[in-house]
Amino acid sequence: MAKAKVTVPTPAEILPGISYKTPEKGWMDVKPDFRPGTYCNPANPKWLEWIGYPYPRAWHVTDEDWHLPSDWKETILQGMEDRLSRFRSLKLFFDICVRCGACADKCHFFLGTGDPKNMPVLRAELMRSVYKRYFKPAGRLLGQLAGARDLTEDVIKEWFFYLYQCTECRRCSLFCPYGIDMAEMTILGRELLSSIGINIEWTLASVAQCYDKGSHIGATPQAMKDMIDFFAEENERVTGIYTPITYNRKGAEILFVAPSGDYFADPGTYTFMGYMLLFTYLGLDYTISTYAGEGGNFGFFMSHEMGKRLNAKIYAEAKRLGVKWIIGGECGHMWRILNQYMDTWNGPADFLEMPVSPITGTKFENAATTRMVHISEFTADLIKHGKLKLDPMRNAHIKLTFHDSCNTSRGMGIFEEPRYIIKNVLPEGHFVDMPPNTIREKTFCCGSGSGFNADEYLETRLRGGLPRANAVRYVHEKYGVNHLGCICAIDRAVLPTLLGYWVPEVEVTGISELVGNALVFDEEIERTTDLRDRDLVGVGEAEEGVEAAEAAEEEE
Amino acid sequence: MKLADLLSQKKATILERWLHLLLDSYPSETSGFFKKEKDPFNNPLAFRLSQGLQGVYEALLQDTARERILASLDDVISIKALENFSPSQAVAFIFLLKPVIREELATELKEAQLSEECLEVESRIDGLALLCFEVYMKRREKLYELRINEVKNQVSGLMRRTGLTLVTPQQ
């Protein structure tokens, strides 16, 4: 019998990579493997036409030819030169890294995928190597010996793969002794890609819709009003309190801006109901705008220019309506922009007044230049002054842990306010923090920020979100935590999916929703459910969080 | 000495070797870190794999409820099902236990009286492999279910507004 030509593989041969040898290829020669689930789809050319961005065309990530414009290389290099002169930080970040590796194991995408190019030090090197080749004498002369490489189409593909595996969360920068901010490099790298017509669909569709209609989801002013009016009816049905709202009302004291996720996507919708209950309780003189109907800003995920363009609507509308100051809802990147960029992009907001709480008289000096106050700061101040009558037992079915969203925590230092609110609206013992190396400034990203909500990207999102979910699972198993609280609309959209995969027993909630549950109105009807129509403890079948956890422990 | 006792005695060594084999399937720059860092929150992937392998191994040594075995397999496969692996690659880890045991107990296994017990253990590893298919499929199905739910959540507020409900058939 002739010798068989095909050998059945052993398991060790099926599982690749088991080798103790030095890798055969250097990192420059390893190309990304574009498999479904590992990349976001390219933007539809029509969105680029809507916003007047360059090189609209149909292309596919898995195609060999991405149909780059003929002068793509010059555009990128000129773009780099321009940014090196405008952003001293970029030049510094390129030059100062000593490869100490402190950042290497801090990225959630590295921890979840194991891909070494997701070590921030190496992700930065993808761009730094090009910088060295064209802007540094050593790189020009010595090439690869000096860590420099030519800019090729393969390099562009690699940038696309890895710059869209960075959620701009800045956890790595926290551990960098020089404070190198990978997020800033990613932002500028994505700008360069966008300059040759490389953009992703999820971001661009949101940006174009926001630019054209006012919100990422493309809701018309009528649809936005219709939905929010519906919340007022829902609030009345559950609590007996009608929470009417005014739109585009000139002369209101306060403009309230929320991310559109809060008035269209569950469970953010319940957070919006919470805002309305709180403002009605206070009798606040506020209005919302259908023009500045989007607090979020996906423009920031493609370029500074587009971020600025979308952000401009908030001040423009505050000016038009003649409000005194602005309150912003629970959102992540929205606050990074409001806190760090808005003032210089579209300010100064000298037509607004210093924000002062009409209820407590507190002057929000931290918002002295932006004139915009975070809802958590506003609410925590009310509680601190004893201005809210709260019944924590209405949240007794909830045992909560809190996810510090990257942007509000690392981006602006909001740690205590949400925790303070939580402790006041939940029964004692119903809040527990995750381990210290996973919260506050060291918080792990949800894995889907900076425009990655796309469903085609789910596998990578779930891998990037593993470090977050792993810590949630720990407090779920140890303390019976059944809810994850957050103050970010992207979190509310993507964490249910992340937890659905890793810890399906835990649900996601905004903090203002919990406030809405706990607020006691004089004229309210007897509450039997929370805002989500779930029975309160003592009513129906609801079991108190703690008791449920104890029961689970006993079973074990 | 019985094989079961030997497997108990050498549990730590065998588990470590098995885990390292699994971690070696990551790029070399990564596997070193995955092996070294022991904090479960700083290195969640290796921690979950390690927990899973330990549970599976214990199931080989003593009677374990089926749900518990599936949960331990899931600790490993929930990670593997997301990686750029074919189904066969995702479940290959279970068979790697055989060569690890054979190599770790090479001297002892030369004794004839252990061979029958050894075959029995290897058969049970095959049984675990069959369970791996169930867990893997369940994970992939979960992935698609989550994709659908995400789309539903985007419009569920609107549906409530219009009084329509997206009915999900009860399991």
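Chain naming here is simple, since letters A, B, ... match the order of the sequence lines and numbering starts at 1 in each. As the structure is a computational prediction, the values presented were derived from the model and not from experiment. Values reported hereafter were calculated over all heavy atoms of this structure, with side chains retained and with hydrogens, waters and symmetry mates removed.
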Q) For the residue pair A/Y501 and B/L143, what are the closest heavy atoms and their distance? A) CE1-CD1, 4.1 Å

Q) In terms of heavy-atom pairs under 4.5 Å with chain B, which of A/L111, A/V30, A/N453 leads? A) A/L111

Q: Examine whether an atom of A/R35 lies under 4.5 Å from a heavy atom of chain B, and if so say whether it belongs to the side chain, the backbone or both; otherwise answer neither.
A: side chain

Q: State the OG1-CZ distance between A/T497 and B/R147, to the nearest 0.5 angstrom.
A: 11.5 Å

Q) Given that the side chain runs from C-beta out, which part of A/T438 has a heavy atom under 4.5 Å from chain B: side chain, backbone, both or neither? A) side chain

Q: Check whether A/E234 gets within reach of chain B through its side chain, its backbone, both or neither, counting any heavy atom under 4.5 Å.
A: side chain

Q: Could you tell me which portion of A/L462 (side chain, backbone, both or neither) has an atom closer than 4.5 angstrom to a non-hydrogen atom of chain B?
A: both

Q) What part of A/T38 lies closer than 4.5 angstrom to a heavy atom of chain B: side chain, backbone, both or neither? A) side chain

Q: Could you grab the distance from atom CG of A/L498 to atom CG of B/L146, nearest 0.5 Å is fine?
A: 9.5 Å

Q) What part of A/R492 lies closer than 4.5 angstrom to a heavy atom of chain B: side chain, backbone, both or neither? A) neither

(Q) Ignoring hydrogens, what is the shortest heavy-atom contact between A/R463 and B/N84? Give both atom names and the distance. (A) NH1-OD1, 3.7 Å

Q: In sequence, state the C-alpha distance, the side-chain angles, and the governing distance for B/R140 and A/E459, and then conclude on salt bridge (charged side-chain N to carboxylate O under 4.0 Å, His left out).
A: CA-CA 10 Å; B/R140 293 302 297 183; A/E459 275 100 324; 3.1 Å; yes

Q. Based on non-hydrogen pairs under 4.5 Å, which of B/E150, B/E37, B/E83, B/K142 is most in contact with chain A?
A. B/E150

Q. How are the rings of B/F33 and A/F110 set relative to one another: parallel (under 30°), tilted (30 to 60°) or perpendicular (over 60°)?
A. tilted

Q.
Would you say NZ of B/K138 has more than 12 non-hydrogen atoms from neighbouring residues, nucleotides or ligands within 6.0 angstrom?
A. no

Q: Heavy atoms only: give me the nearest A/R473-B/D75 pair and the separation to one decimal.
A: NH1-OD1, 3.1 Å

Q.
I need the minimum non-hydrogen distance between B/L45 and A/G112, along with the two atoms involved.
A. CD1-O, 3.3 Å

Q | Per-residue contact mode, A/A104 against chain B (heavy atom under 4.5 angstrom) | A | neither

Q. Considering only heavy atoms, which portion of A/M119 lies under 4.5 Å from any heavy atom of chain B: side chain, backbone, both, or neither?
A. side chain

Q.
Less than 4.5 Å to any heavy atom of chain A: does that hold for the side chain of B/I94, its backbone, both, or neither?
A. neither

Q: Mind listing the closest non-hydrogen atom pair of A/G114 and B/P27 along with its distance?
A: O-CD, 3.7 Å

Q.
If I measure from the heavy atoms of chain B, does A/D226 come under 4.5 Å with its side chain, its backbone, both, or neither?
A. both

Q.
Any non-hydrogen side-chain atom of B/R48 less than 4.5 Å from a side-chain atom of A/W502?
A. yes

Q: Sort A/P435 into side chain, backbone, both or neither according to what part of it lies under 4.5 angstrom from a heavy atom of chain B.
A: side chain

Q. Are B/N42 and A/D105 linked by a side-chain donor-acceptor pair shorter than 3.5 Å?
A. no

Q.
Quick check on A/Y457 against chain B: is it the side chain, the backbone, both or neither that has a heavy atom closer than 4.5 Å?
A. neither

**Q.** Contact check, side chains of A/L122 and B/E29, non-hydrogen atoms, under 4.5 Å
**A.** no

Q: Write down the atom of A/N470, the atom of B/F47, and the distance for their closest heavy-atom approach.
A: OD1-CD2, 4.0 Å

Q) Among A/D266, A/N437, A/D33, who wins on heavy-atom pairs under 4.5 Å with chain B? A) A/D266

